[in-house]
Participant: 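First the structure, which I've put down as structure tokens, then a few questions once you've had a look.
Order of the sequence lines fixes the chain letters, A, B, ..., with proteins taken first and strands second; residue numbering starts at 1 for each chain.
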Amino acid sequence: MKDHDIVDLYWARDEQAIAESQRKYGGYCHGISMNILNNESDAEECVNDTWVVAWRSMPPKKPGVLRTYLGKLTRNLSINRLKERHREKRNPDLVIALEELAECIPVPEDTTDERLCAYLNEFLEITPALDRQLFMGRYWYGRTVREMAPRYGLTANAVSQRLKRTRQALRAYLEERGYTV
Amino acid sequence: MKAMSGFEIFEKMTNVNDKFIDEAAEMPSPELAVVKMSRWERFSHFMNSGWGVAMICGIVAIGVMAGIIAAGRAGEPGVMPPGHNESTAETGVENPRETNDRPDGRFTFDYRGISERESVSKRDINFRFYASVTNVGETFTFENGPEHFYPDKVLFIHQGTDYVIEAVISEDVEPMATVPTGTKGELTFVVYIPQEAEPGLYALRLTYGDESDTFYDVLTVLNSEPETDPPAKSKEKALEIAENHMRQQDIPIDLDQFRVSAVGVDMDSGYYHVSYVLPLGGIATSYRFTMKVTYSGQIRDYEGSTWDPQAYYATYTDEEVQAAITRMGGDEIEGCYFEYENGKLYVCAEEIRSINPPNVETNEAGDIIINSGCGIDHDHVFYEEEVIRTEN
């Protein structure tokens, strides 16, 4: 079923919308949640919550790209779930990714979400596609270097190096715009 | 002023542009990944290096000149090879669907493309595609990741002759604008090679828009006759043959643990190479079986046929591998790959030190002939470092 048909089901308040979302994007959302939470039952709950939130939000929302809309919902729900955990229980791979992010993005605490996303969008726009995909894979989807390397036909070392260079470029990009801490 | 924590940034990143999220949603298929650098991948690696970019610029500059000359000659009566009809001679374009004397099976395209390339020109030509082996006159399919890859013009230029062949972009391919960024898409270019075309290297020139970005790559047209045992006809068939072969091996573990890591076409022979990997826990612990698959089910060049459980079950940690890479030259070395020899694991890398310029000649007719084949002459330094286990 096409995305707009699924969205139409939500708008028609047809519960089949959830079944179709689960069928088409259940794995995608589960992957996002697992990468963040590293816990099967928590991830399942977050994915189930995703359908609930989607059900409540459509209408009035009518997302252009259903996949990313649902992905964002799952990501937010998973992050909220992560906040509830003690720090020591966090996924160690994700903790490393978070440290890398903090190191490369010298953004003051009072920067708004919109502004940070605007910087990131501008930066990603000029970043080569492969590096952009690796960056998003690592820092949006929470994938590990080892997970991505074989899929992109690179060694883990090569992926790490590419990510490192992208982080350095992002830091330089932000610093050029006066963002230092 | 206090900076945001990594967690806060991670959280705020949720709302970056949908197209970037969508683009990275699906990673490439593992079947397309390459676990070890073949000669072609080493070439590709080289082409991605600074030297490669310099080389491309040089080739493009010279190639544009040759392309202009060759394209000019393509329109001249009598220049195109015998057997070409008039419409082809006039336009340089022929739709194989309208061709009755299609030389099916005589030639085989063997083109793997370049797995990754970045910013070689103003336009972001960063694509990843592999072409399936097809016969001339059939469709020539580019798979995977066409988001930056929709040329306005595709030419095949036989190096050393006057052939300039313009590919016809199939009408049933949707315009690029309608393909969502990041989706796994497929473009089909229908191409035609004249029956008289000589086997050998062809340059593939892709032109993008009015910026006149031109890109050269190389493919091989192989004469497939006489063939006593041609390559497996399809990737699926090659996989089937390879799997049967794997199951006949006396390997004391569950074969289902293996996964296919790469199915590729050998640049020189046109045969499928299938690699199986057994992941054993770390990046250095996988072991690979590679085989060349023929149409009749014969396996050639089988690597890894001698099973040595003790050696192959040896496990290495990431730290041990990283230590070897550091000894070899540190983090700056890219594109390391593994070699397993005499029960020892090595990390290897190759560094291009210098390249020799492509061979440019002028024939009697005054045409410029450029040999920009994949066998670019270069001097390189090879590094190798044993991975040493720190614990028993």
Participant: With a 4.5 Å limit on heavy-atom distance, are the side chains of Arg75(A) and Met13(B) in contact?
Facilitator: yes
Participant: Say you draw a straight line from CG of Asp22(B) to CG of Leu66(A); how long is it, rounded to the nearest 0.5 Å?
Facilitator: 10.5 Å
Participant: Counting only N and O atoms by type, is there a donor-acceptor contact under 3.5 Å from the side chain of Trp140(A) to the main-chain atoms of Ile21(B)?
Facilitator: no
Participant: Is Asp18(B) salt-bridged to Arg67(A), cutoff N-O under 4.0 Å?
Facilitator: no
Participant: Using heavy-atom distances under 4.5 Å, tell me whether Tyr69(A) contacts chain B through its side chain, its backbone, both, or neither.
Facilitator: neither
Participant: Kindly check if the number of other-residue, nucleotide or ligand heavy atoms within 6.0 Å of CZ (Arg56(A)) is above 12?
Facilitator: no
Participant: Do the non-hydrogen side-chain atoms of Ile79(A) and Thr14(B) ever get within less than 4.5 Å of each other?
Facilitator: yes
Participant: Quick one: does any side-chain atom of Asn121(A) pair with a main-chain N or O of Val16(B) as donor and acceptor, under 3.5 Å?
Facilitator: no
Participant: Of the backbone (N, CA, C, O) and the side chain (C-beta and beyond), which part of Tyr28(A) lies under 4.5 Å from a heavy atom of chain B, both, or neither?
Facilitator: side chain
Participant: Can you name the nearest heavy-atom pair linking Ala24(B) to Gly137(A), along with the distance?
Facilitator: CB-N, 4.3 Å
Participant: Can you tell me how far apart CZ (Phe10(B)) and CD1 (Ile36(A)) are? Round to the nearest 0.5 Å.
Facilitator: 4.0 Å
Participant: Please identify, among Leu124(A), Val65(A), Ile32(A), the residue contributing the most non-hydrogen atom pairs under 4.5 Å to chain B.
Facilitator: Leu124(A)
Participant: So does Glu15(A) have more than 12 non-hydrogen atoms from other groups sitting under 6.0 Å from CD?
Facilitator: no
Participant: Only pairs of heavy atoms separated by less than 4.5 Å count here; which of Lys72(A), Glu125(A), Met148(A) has the most with chain B?
Facilitator: Lys72(A)
Participant: Output the distance between atom NZ (Lys19(B)) and atom OG1 (Thr68(A)), rounded to the nearest 0.5 Å.
Facilitator: 13.0 Å
Participant: For a 4.5 angstrom cut-off between non-hydrogen side-chain atoms, does Gln133(A) reach Glu23(B)?
Facilitator: yes
